[in-house]
**Student:** 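My questions all concern the structure below.
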Amino acid sequence: MSNELAQMILAVVSQIPKGKVASYGQIAKLAGLPKHARLVGRVLGQIEDRTAIPWHRVINSQGKMSTTQLTEHGDHLQQILLLSEGVVVINGRVNLKQFAWLP
DNA sequence: GATCAGGCTCTAA
DNA sequence: ATTAGAGCCTGAT
């Protein structure tokens, strides 16, 4: 794993404004890594709970969450976090037209 | 929706 | 150093 790439990716993720979401591919592109969507997912999965990165604002291009994150309460953590910042999540899906982050 | 193939990194041998 | 397998994806069938 290259920390350089991870840092760039995390830097971009950190820039996602509250109440908006971005796709893996979009993050990769903004980080200057056009075809590295999968790497983004990998990096996030690695640091998701160890850092203060808003990983929950990153979803796939179809507006769905890749992993089913469950809390001790048995709820979808990512969904809860998004809802708490005003992003509407329906059936585990986000309305990209409305909440996609447009830099 | 579900499926397929593409493009690229990471890890383990 | 090279090879092979697998992956929290995407865009087009």
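Bear in mind that the values here come from a model prediction, so they are computed numbers and not experimental data. In what follows, every chain begins at residue 1, and chains take the letters A, B, ... in the order their sequences are listed. The basis for the numbers below is simple: all heavy atoms, side chains too, and nothing from hydrogens, waters or symmetry mates.
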**Student:** Find the distance N60(A):CG to dG7(C):P and express it as a whole number of Å.
**Tutor:** 17 Å

**Student:** Mind checking if G45(A) touches a base, just sugar-phosphate, or nothing, with heavy atoms under 4.0 Å?
**Tutor:** base

**Student:** Identify all stems in which DNA chain C takes part, counting only runs of at least 3 consecutive pairs (Watson-Crick or G-U wobble, each distance under 3.5 Å), and give each as one range with another, ordered by first number.
**Tutor:** B:2-6 with C:9-13, B:8-13 with C:2-7

**Student:** Please tell me which of R42(A) and R38(A) maps to the more 5' nucleotide of DNA chain B, matching each residue to the nucleotide holding its nearest heavy atom.
**Tutor:** R38(A)

**Student:** If you round to the nearest 0.5 Å, how far is CG of N3(A) from CG of L10(A)?
**Tutor:** 9.0 Å

**Student:** Give the cluster check for I80(A) versus I59(A): same hydrophobic cluster or not, with ILVMFWY residues linked at side-chain heavy-atom distances below 4.5 Å.
**Tutor:** no

**Student:** Show the nearest heavy-atom pair for residues A37(A) and Y24(A), with the distance to one decimal.
**Tutor:** O-CB, 3.8 Å

**Student:** Figure out the NE2/P separation between H36(A) and dA6(C), and round it to whole Å.
**Tutor:** 21 Å

**Student:** To the nearest Å, give me how far apart NE2 (H76(A)) and P (dC8(C)) are.
**Tutor:** 18 Å

**Student:** Which distance, rounded to the nearest 0.5 Å, do you find between the CD1 of I47(A) and the CZ of R42(A)?
**Tutor:** 13.0 Å

**Student:** Going by the rule side chain to side chain contact (heavy atoms under 4.5 Å, CB included), which residues pair with E85(A) if we only count those two or more places apart in sequence or in a different chain?
**Tutor:** K18(A), H56(A), R57(A), L82(A)

**Student:** Identify the two heavy atoms, one from I27(A) and one from A22(A), that lie closest to each other, and give their separation to 0.1 Å.
**Tutor:** CD1-CB, 3.8 Å

**Student:** Atom CD1 of I27(A) to atom P of dT10(C): distance rounded to whole Å?
**Tutor:** 10 Å

**Student:** From CD of Q26(A) over to P of dT10(C), roughly how many Å is that when rounded to an integer?
**Tutor:** 10 Å

**Student:** Below 4.0 Å from chain A heavy atoms, what is the first contacting nucleotide of DNA chain B and what is the last?
**Tutor:** dG6(B) to dT11(B)

**Student:** Report the residue (Q46(A) or Q62(A)) whose heavy-atom-nearest nucleotide on DNA chain B is the more 5′ of the two.
**Tutor:** Q62(A)

**Student:** Is the shortest side-chain N/O distance from S61(A) to OP1 or OP2 of dG11(C) below 4.0 Å?
**Tutor:** yes

**Student:** Could you see if W55(A) belongs to whatever hydrophobic cluster contains M8(A)? Use Ile, Leu, Val, Met, Phe, Trp, Tyr and a side-chain cutoff under 4.5 Å.
**Tutor:** no

**Student:** Please round to the nearest 0.5 Å and tell me the distance separating atom CD1 of I9(A) and atom CG of L30(A).
**Tutor:** 11.5 Å

**Student:** Quick one: are V43(A) and L5(A) in side-chain contact, heavy atoms under 4.5 Å?
**Tutor:** no

**Student:** Any heavy-atom pair between the side chains of V40(A) and L33(A) that's under 4.5 Å?
**Tutor:** no

**Student:** Between P34(A) and G32(A), what is the shortest heavy-atom contact and its length?
**Tutor:** CD-O, 3.4 Å

**Student:** Rounded to the Å, how far apart are M65(A) CE and dC9(C) P?
**Tutor:** 13 Å

**Student:** Let me have the donor-acceptor pairs involving side chains of residues 88-97 of chain A, under 3.5 Å, with sequence neighbours excluded, atom names and distances please.
**Tutor:**
from, atom 1, to, atom 2, distance (Å)
N95(A), OD1, K97(A), N, 3.0
N95(A), OD1, Q98(A), N, 3.2

**Student:** Among residues 79-86 of chain A, which ones have heavy-atom contacts with DNA chain C below 4.0 Å?
**Tutor:** none

**Student:** Just call it for L39(A): base, sugar-phosphate, or nothing, with non-hydrogen atoms closer than 4.0 Å on any strand.
**Tutor:** sugar-phosphate

**Student:** Which residues, if any, of residues 3-11 of chain A bring a heavy atom under 4.0 Å of DNA chain B?
**Tutor:** none

**Student:** Could you measure the distance from the CD atom of Q26(A) to the CD1 atom of I16(A)? Nearest 0.5 Å is fine.
**Tutor:** 7.5 Å

**Student:** Measure the distance from OH on Y24(A) to P on dG7(C) and round it to the nearest whole Å.
**Tutor:** 15 Å

